[in-house]
Every structure is written in structure tokens, then in C-alpha cells.
There are 2 protein chains.
Amino acid sequence: MGRASTFTTGDLTDTGVYVLLSLLEPRHGYAIGQFVAETTDGAVVLGPATLYTTLRKLTEAHLIEEIGSSDTRRVYHLTRGGREVLERNIDRRRRLVGLATTLMEAR
Amino acid sequence: MGRASTFTTGDLTDTGVYVLLSLLEPRHGYAIGQFVAETTDGAVVLGPATLYTTLRKLTEAHLIEEIGSSDTRRVYHLTRGGREVLERNIDRRRRLVGLATTLMEAR
DNA sequence: CATCGATGTATCCATAATGGATATAATGCT
DNA sequence: AGCATTATATCCATTATGGATACATCGATG
């Protein structure tokens with residue numbers, strides 16, 4: 001049996017989360033990379049292989065869709081399903097941060 | 001050139017973060033798996049390969065160390081460096097959650 | 001006391017995720 | 001004209017990870 005991808009299970013890697021987050025507003029691939037780098041102060045930089053592979057897989061999983069692309073740019077946007085998956089993934093990370101905060105201030 | 005591992009860069013995967021978090025108090029491998037499963041309500045389950053490979057690599061990177069192990073159990077604990085890396089990783093996720101919260105309530 | 005499930009560590013193997021290099025093309029600036 | 005930047009995409013190698021498997025020990029239950 002092939003192992004399930006994080007894109008089909010909806011239990012995304014940080015990369016997937018950053019990309020979905022970028023696509024709350026329509027953006028093309030390159031702009032997503034810039035947005036992530038800027039909003040993380042350069043802490044998170046997505047390489048081209050990661051970025052474009054992620055876009056392909058998110059599209060295949062119907063979490064994002066291509067809208068109004070031009071010759072030189074492919075513009076994507078979150079689908080309803082993508083929004084739900086994003087919310088779930090943020091929730092899990094919120095709980096992680098909450099747990100960590102509790103445990104770390106305890107000692 | 002070999003690509004840098006997340007353990008040497010200190011930019012950990014969720015798996016690494018969950019394991020470090022578990023080791024704020026001394027625990028052995030199996031107990032770490034249980035702790036993560038319990039505190040995430042079963043949302044995060046680390047397979048044995050992931051768990052023991054992660055423990056080996058965190059040890060090699062001096063982020064955790066083995067303390068007072070018995071015949072049947074190997075007990076680990078965070079090092080000072082591990083604590084710092086954990087804090088950095090939680091900070092990044094806290095910013096991610098904050099950013100997501102802002103962006104998602106906007107639309 | 002034998003058996004079975006849970007505990008506990010570890011590795012093998014295959015697949016998924018990812019970074020860096022590379023390729024190609026258009027656009028903008030000087 | 002020339003060069004950096006924008007923009008998409010793939011190749012290749014490496015890292016990360018899950019499932020299966022292999023052992024050994026321990027505790028409960030019949």
C-alpha cells in the first residue's frame with residue numbers, strides 16, 4: 001500500500017499551511033514565495049521545487065484552484081475545502097503552541 | 001553538498017517539536033509516543049521509525065541527552081540547547097498562528 | 001503456569017517532502 | 001544591448017516518515 005500524502009489526509013506540513021495561508025487572497029506562485037518570505041521575515045523560504053510541487057499537489061487535492069491565469073502567471077485561490085483544511089491545521093498548531101506555553105512556563 | 005538536516009539547522013519539523021516538548025520532563029521513547037498521542041487527542045501519532053529515528057538524530061545534534069537509562073528503557077531529557085531550539089520553534093509557530101488568525105478573520 | 005496483550009526498542013523498506021541547481025522565457029531598468 | 005528580476009517548471013539527491021516486522025519483557029487472566 002502506498003503511504004497517504006499529507007495533501008490527501010489534510011494533515012499538512014508547514015509548507016502546505018504557509019501556501020494555503022497565502023492564498024486567502026488570489027496570488028500567483030512567485031508572489032506566494034515572496035509573501036511567505038516577507039511575512040516570516042525571511043525565516044521561511046520556499047525553494048522552487050517545494051513551491052511548485054506543493055501548488056500542483058494542493059490543486060490535485062482540490063484545496064486550491066487556478067483562477068484567471070495569464071500567459072506568464074498562474075493565479076491560485078483557496079477552495080472552500082482548502083479553507084476548512086487550513087482552519088483545521090491552524091487549530092492543531094494553536095493547540096501545540098498553547099500546550100508548549102503551558103509546559104514551558106511551568107519549568 | 002549534502003542538504004542540511006532540520007536537526008542541525010534547528011528548524012525542526014512538527015515531529016521534532018512534539019518530541020522536544022515531551023522531553024521538558026524526562027521520558028523514555030515509548031512514553032513520548034503516548035504523551036504526544038494523548039496531549040493531541042490522537043491527532044498526532046508518531047510511528048516507531050519516526051520516533052526512534054528522531055530520538056537518535058536529536059541526540060546526535062545534542063538537543064536531547066540520554067539520562068539514567070535501565071536495561072529496558074532509555075530515558076531522555078532536553079539539553080539547554082534543546083530548550084533554546086524548542087523556544088525558537090514555538091515562537092515561529094506562534095507567529096504563524098497569529099498571522100493566520102489575523103488573515104482569516106479579515107475574510 | 002501458559003498465553004495473550006501491552007510495553008519497549010529498533011531496523012528495513014518504500015514513499016513523501018524538500019532544497020539546490022538548472023532551464024527557459026518575459027519584463028524592466030540603465 | 002546587457003543584466004537583474006520576475007515567473008514557471010523539472011531533475012536529482014537527500015531527508016523525513018509510516019507501516020511492517022522483529023525481538024524481549026512484563027502483567028493480567030484463565
Side-chain angles (χ1 to χ4, degrees), chain A residues 1-20 22-23 26-38 40 42-61 63-64 66-76 89, chain B residues 1-20 22-23 26-38 40 42-61 63-64 66-76 89:
Chain A
M1 289 295 175
R3 197 159 100 252
S5 148
T6 66
F7 299 98
T8 47
T9 64
D11 204 359
L12 299 177
T13 294
D14 281 353
T15 299
V17 174
Y18 281 113
V19 172
L20 286 191
S22 306
L23 292 177
R27 279 194 173 85
H28 62 277
Y30 195 84
I32 294 168
Q34 290 181 313
F35 180 77
V36 172
E38 281 164 22
T40 62
V44 180
V45 175
L46 307 177
T50 305
L51 180 57
Y52 291 104
T53 304
T54 300
L55 286 173
R56 182 172 51 75
K57 291 185 179 172
L58 285 174
T59 303
E60 284 166 6
L63 300 183
I64 63 175
E66 211 181 314
I67 56 167
S69 299
S70 74
D71 280 357
T72 52
R73 295 177 169 189
R74 298 164 77 84
V75 177
Y76 300 88
N89 274 275
Chain B
M1 289 296 177
R3 200 161 96 250
S5 148
T6 65
F7 300 97
T8 48
T9 63
D11 203 358
L12 300 177
T13 294
D14 281 352
T15 299
V17 174
Y18 281 112
V19 171
L20 286 191
S22 307
L23 292 177
R27 278 193 174 86
H28 62 277
Y30 196 83
I32 294 168
Q34 289 181 314
F35 180 75
V36 172
E38 281 163 22
T40 63
V44 180
V45 175
L46 308 177
T50 306
L51 180 57
Y52 292 104
T53 305
T54 300
L55 286 173
R56 182 172 52 75
K57 292 185 179 172
L58 286 174
T59 303
E60 284 166 7
L63 301 183
I64 64 175
E66 212 182 313
I67 56 168
S69 298
S70 72
D71 279 356
T72 51
R73 293 177 169 187
R74 298 165 78 83
V75 177
Y76 300 89
N89 274 274

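The sequence lines fix the lettering, A, B, ..., with proteins before strands; numbering per chain opens at 1. Note that this is a predicted model, so its numbers are computed, not measured.
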Find which nucleotide of DNA chain C each of B:Tyr76 and A:Thr6 is nearest to by heavy atoms, and output the residue with the more 5' nucleotide. B:Tyr76
Rounded to the nearest Å, what distance is computed from the [atom1] atom of residue [X] to the [atom2] atom of nucleotide [N]?
{"X": "B:Leu58", "N": "D:dT17", "atom1": "CG", "atom2": "C1'", "value": "14 Å"}
{"X": "A:Lys57", "N": "D:dT10", "atom1": "NZ", "atom2": "C1'", "value": "13 Å"}
{"X": "B:Tyr52", "N": "C:dC12", "atom1": "OH", "atom2": "C1'", "value": "16 Å"}
{"X": "B:Leu12", "N": "D:dA16", "atom1": "CG", "atom2": "P", "value": "10 Å"}
{"X": "B:Asp14", "N": "C:dA17", "atom1": "CG", "atom2": "P", "value": "14 Å"}
{"X": "A:His28", "N": "D:dA9", "atom1": "NE2", "atom2": "P", "value": "12 Å"}
{"X": "A:Asp11", "N": "D:dT17", "atom1": "CG", "atom2": "P", "value": "12 Å"}
{"X": "A:Ile32", "N": "D:dA9", "atom1": "CD1", "atom2": "P", "value": "11 Å"}

List in chain and number order the residues that pass side chain to side chain contact (heavy atoms under 4.5 Å, CB included) with A:Thr72, two or more places apart in sequence or in another chain; answer none if no residue qualifies.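 Checked A:Thr72 against side chain to side chain contact (heavy atoms under 4.5 Å, CB included); matches are A:Ser70.
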Please state whether the phosphate of [N], meaning OP1 or OP2, lies under 4.0 angstrom from any side-chain nitrogen or oxygen of [X].
{"X": "B:Ser5", "N": "D:dT14", "answer": "no"}
{"X": "B:Gln34", "N": "C:dA6", "answer": "no"}
{"X": "A:Arg56", "N": "D:dT8", "answer": "no"}
{"X": "B:Tyr30", "N": "C:dT9", "answer": "no"}

What pairs of nitrogen or oxygen atoms, one from the protein and one from nucleotides 19-29 of chain C, lie under 3.5 Å apart?
residue	atom	partner	partner atom	Å
C:dG19	OP2	A:Thr50	OG1	2.2
C:dG19	O4'	B:Arg3	NE	2.7

Identify the heavy atoms of B:Ile67 and B:Tyr76 that sit nearest to each other, and give their distance.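 B:Ile67 and B:Tyr76 have their closest heavy atoms at CG1-C, 4.3 Å.
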Verify, without hydrogens or angle tests, whether B:Ser5 (side chain) and B:Phe7 (backbone) share a donor-acceptor contact under 3.5 angstrom.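 Indeed, once roles are kept as given, a pair shorter than 3.5 Å links the two residues.
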Can you check whether A:Gly10's main-chain N or O pairs, donor with acceptor, with A:Asn89's side chain at less than 3.5 Å?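 Yes, because the side chain of A:Asn89 sits within donor-acceptor range (under 3.5 Å) of the backbone of A:Gly10.
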Do any side-chain atoms of residues 46-60 of chain A form donor-acceptor pairs under 3.5 angstrom with protein atoms, and if so which ones, sequence neighbours left out?
residue	atom	partner	partner atom	Å
A:Thr53	OG1	A:Ala49	O	2.5
A:Thr54	OG1	A:Thr50	O	2.6
A:Arg56	NH1	A:Glu60	OE2	3.4
A:Thr59	OG1	A:Leu55	O	2.7

Closest listed nucleotide, where the reference is the side chain of A:Thr13 and the choices are C:dT18, D:dA16, D:dT10: C:dT18
Candidate nucleotides D:dT17, D:dA9, C:dT11, ranked by approach to the side chain of A:Arg74 - the nearest: D:dA9
Could I get the full list of salt bridge (Lys or Arg N to Asp or Glu O under 4.0 Å) partners for A:Arg74, not counting sequence neighbours? A:Glu66
Can you list everything that forms a salt bridge (Lys or Arg N to Asp or Glu O under 4.0 Å) with A:Asp11? Sequence neighbours excluded, please. A:Arg92
